[in-house]
Amino acid sequence: MSRFILETLDLVTEFTAPKRLLQKPRPGVRAVDGVSLQVRKGEVLGIVGESGSGKSTLAKTILGLYRPTSGSILVDGAETPWRSRRQVRRARGAIQYVHQDPGAALDPWWSIGRTLDEALVIHGNRDGAERTRLIDRMLEAVGLTPAFRNRYPHELSGGQQRRIGIARTLILRPRIVILDEPTSGLDMSVQKTVLTLVHGIRQEFDLTYLFVSHDLSVVRNLCDRVAIMQRGRVVETGETAAIFADPQHDYTRTLLAAAPTLQSGRLKGAKAAV
Ligand SMILES: Nc1ncnc2c1ncn2[C@@H]1O[C@H](COP(=O)(O)OP(=O)(O)OP(=O)(O)O)[C@@H](O)[C@H]1O
Ligand SMILES: [Mg+2]
């Protein structure tokens with residue numbers, strides 16, 4: 001058994017510009033540029049970096065939505081090569097992703113019940129009564145009620161939409177959850193309740209988290225270790241306390257210096273929430 005639940009080795013994901021007739025080929029974007037990461041079971045690894053640094057692309061490549069240009073992804077020490085999206089989804093079923101924009105990830109014409117049910121059907125659950133039971137259990141686990149099954153996305157607040165995003169992930173029984181900016185766009189009190197939820201379900205469901213965020217105060221309080229990303233590369237990794245106390249890389253220092261809220265009461269608030 002590998003020491004790591006998830007590992008990436010020199011992972012590269014490049015987006016190539018579409019070729020146009022009679023035009024010179026344009027250079028591609030290396031959104032992920034040689035990332036090697038190790039994640040231990042049960043830990044929360046924060047992935048931090050400015051907008052466009054490749055955080056979401058790294059997350060989606062690990063999930064299997066993008067085919068890596070090169071490098072490998074190992075789950076429990078075993079390589080899961082990219083053959084097709086369907087095969088990768090099966091091979092990496094232990095990993096689930098909570099979308100950066102939960103509102104956009106929900107179909108506006110579908111009730112919450114149908115959205116959650118569909119997720120279970122796609123993953124092969126053929127037992128209707130069992131699906132309803134699971135859906136109700138997960139709605140309760142994220143602090144909502146079974147009555148939410150009949151609501152539509154536009155009838156939910158931003159915080160409730162996040163909860164649905166998390167419920168949809170949890171019913172698939174993941175071992176690793178990638179949370180992409182789970183608190184962005186929410187006001188402080190809702191951020192706190194979402195973070196409390198994220199923290200609580202980690203223990204209840206025995207989860208390992210990859211926590212993508214550019215909110216350093218949240219990362220400091222929730223993550224065991226942090227990987228700092230800049231232009232597709234991981235420039236520094238380490239225990240959260242060590243990175244915050246003694247950042248080694250210039251870019252990390254710049255990021256920390258650009259986070260004035262760290263010294264404010266906001267940090268205390270975030271701590272109370274988790
Ligand atoms: N599907 C795509 N096709 C082409 N380029 C893409 C695609 N997705 C992302 N990119 C580019 O890859 C780079 C990294 O984007 P990514 O979304 O991973 O950044 P991010 O760190 O998640 O940013 P943010 O904090 O704003 O969410 C950007 O330059 C972006 O324009
Ligand atoms: Mg992103």
Side-chain angles (χ1 to χ4, degrees), residues 6 8 10-20 23-37 39 44-71 73 82 84-85 88-89 92 95-106 158 161-162 165-166 168-169 176-186 191 194-195 198 209-220 222-223 225-237 243 249-252 254-262 270:
L6 176 71
T8 69
D10 211 8
L11 199 64
V12 174
T13 306
E14 195 171 291
F15 295 113
T16 45
K19 281 198 192 99
R20 299 251 169 81
Q23 274 187 356
K24 280 189 194 158
R26 285 178 289 165
V29 177
R30 278 206 162 201
V32 175
D33 191 4
V35 168
S36 298
L37 281 179
V39 188
V44 184
L45 175 68
I47 301 185
V48 181
E50 65 192 3
S51 183
S53 56
K55 307 179 297 292
S56 295
T57 306
L58 173 64
K60 290 174 188 172
T61 308
I62 291 173
L63 191 70
L65 285 177
Y66 295 134
R67 180 180 195 152
T69 312
S70 61
I73 297 165
W82 206 103
S84 67
R85 275 195 187 183
V88 167
R89 185 167 74 194
R92 301 205 194 127
I95 310 174
Q96 295 295 331
Y97 179 69
V98 179
H99 202 275
Q100 184 163 3
D101 182 352
L106 296 171
Q161 287 181 354
R162 303 280 155 148
I166 293 170
R168 182 163 67 175
T169 302
I176 304 167
V177 176
I178 306 177
L179 294 149
D180 200 345
E181 303 279 3
T183 56
S184 69
L186 299 175
Q191 281 193 18
V194 169
L195 288 173
V198 163
Y209 283 149
L210 245 67
F211 190 91
V212 176
S213 181
H214 46 237
D215 188 333
L216 288 165
S217 62
V218 170
V219 167
R220 186 175 197 175
L222 201 69
C223 299
R225 284 193 309 130
V226 189
I228 311 281
M229 275 189 89
Q230 183 191 27
R231 280 185 251 115
R233 294 176 170 271
V234 169
V235 294
E236 186 167 357
T237 346
I243 295 252
H249 197 278
D250 281 348
Y251 178 66
T252 314
T254 313
L255 264 187
L256 293 180
T261 50
L262 276 176

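Being a predicted model, the structure only gives us computed values, none of them experimental. Indexing begins at 1, ligand by ligand and atom by atom, following the structure's order. Sequential numbering from 1 along the given sequence is applied to the chain's residues.
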Return a yes/no value for Gly49: is any of its N or O atoms, backbone included, closer than 3.5 angstrom to an N or O of ligand 1? no
Do any nitrogen or oxygen atoms of Phe15 lie less than 3.5 angstrom from nitrogen or oxygen atoms of ligand 1? no
Examine Ser56 and say whether one of its N/O/S atoms is closer to the Mg ion (ligand 2) than 2.8 Å. yes
Does Ser51 bring an N, O or S atom to within less than 2.8 Å of the Mg ion (ligand 2)? no
Tyr66: ring-ring contact (aromatic ring centres under 6.0 Å, His included) partners, not counting sequence neighbours: Phe15
Polar side-chain atom of [X] near backbone of [Y] as donor-acceptor pair, under 3.5 Å:
X     : Y     : answer
Lys55 : Gly49 : yes
Glu14 : Gly28 : no
Arg85 : Gly64 : no
Thr8  : Leu37 : yes

Of all the atoms in ligand 1, which lie at a distance below 4.0 Å from a heavy atom belonging to [X]?
X      : result
Gln100 : 27 (O)
Thr57  : 9 (C), 14 (C), 15 (O), 16 (P), 18 (O)
Ser53  : 19 (O), 21 (O)
Ser56  : 17 (O), 18 (O), 20 (P), 22 (O), 27 (O)

If we only count heavy atoms from C-beta on, is the Val39 to Ile176 side-chain gap below 4.5 Å? no
Would you check if Leu6 and Ile73 make a side-chain contact, meaning some heavy-atom pair closer than 4.5 Å? yes
The answer for which part of His214 has a heavy atom under 4.0 Å from ligand 1 is side chain
Atom 30 (C) of ligand 1: any protein heavy atom closer than 4.0 Å: no
Could you identify the single nearest non-hydrogen protein atom to atom 12 (O) of ligand 1 and state the distance to 0.1 Å? Ala31 CB, 3.4 Å
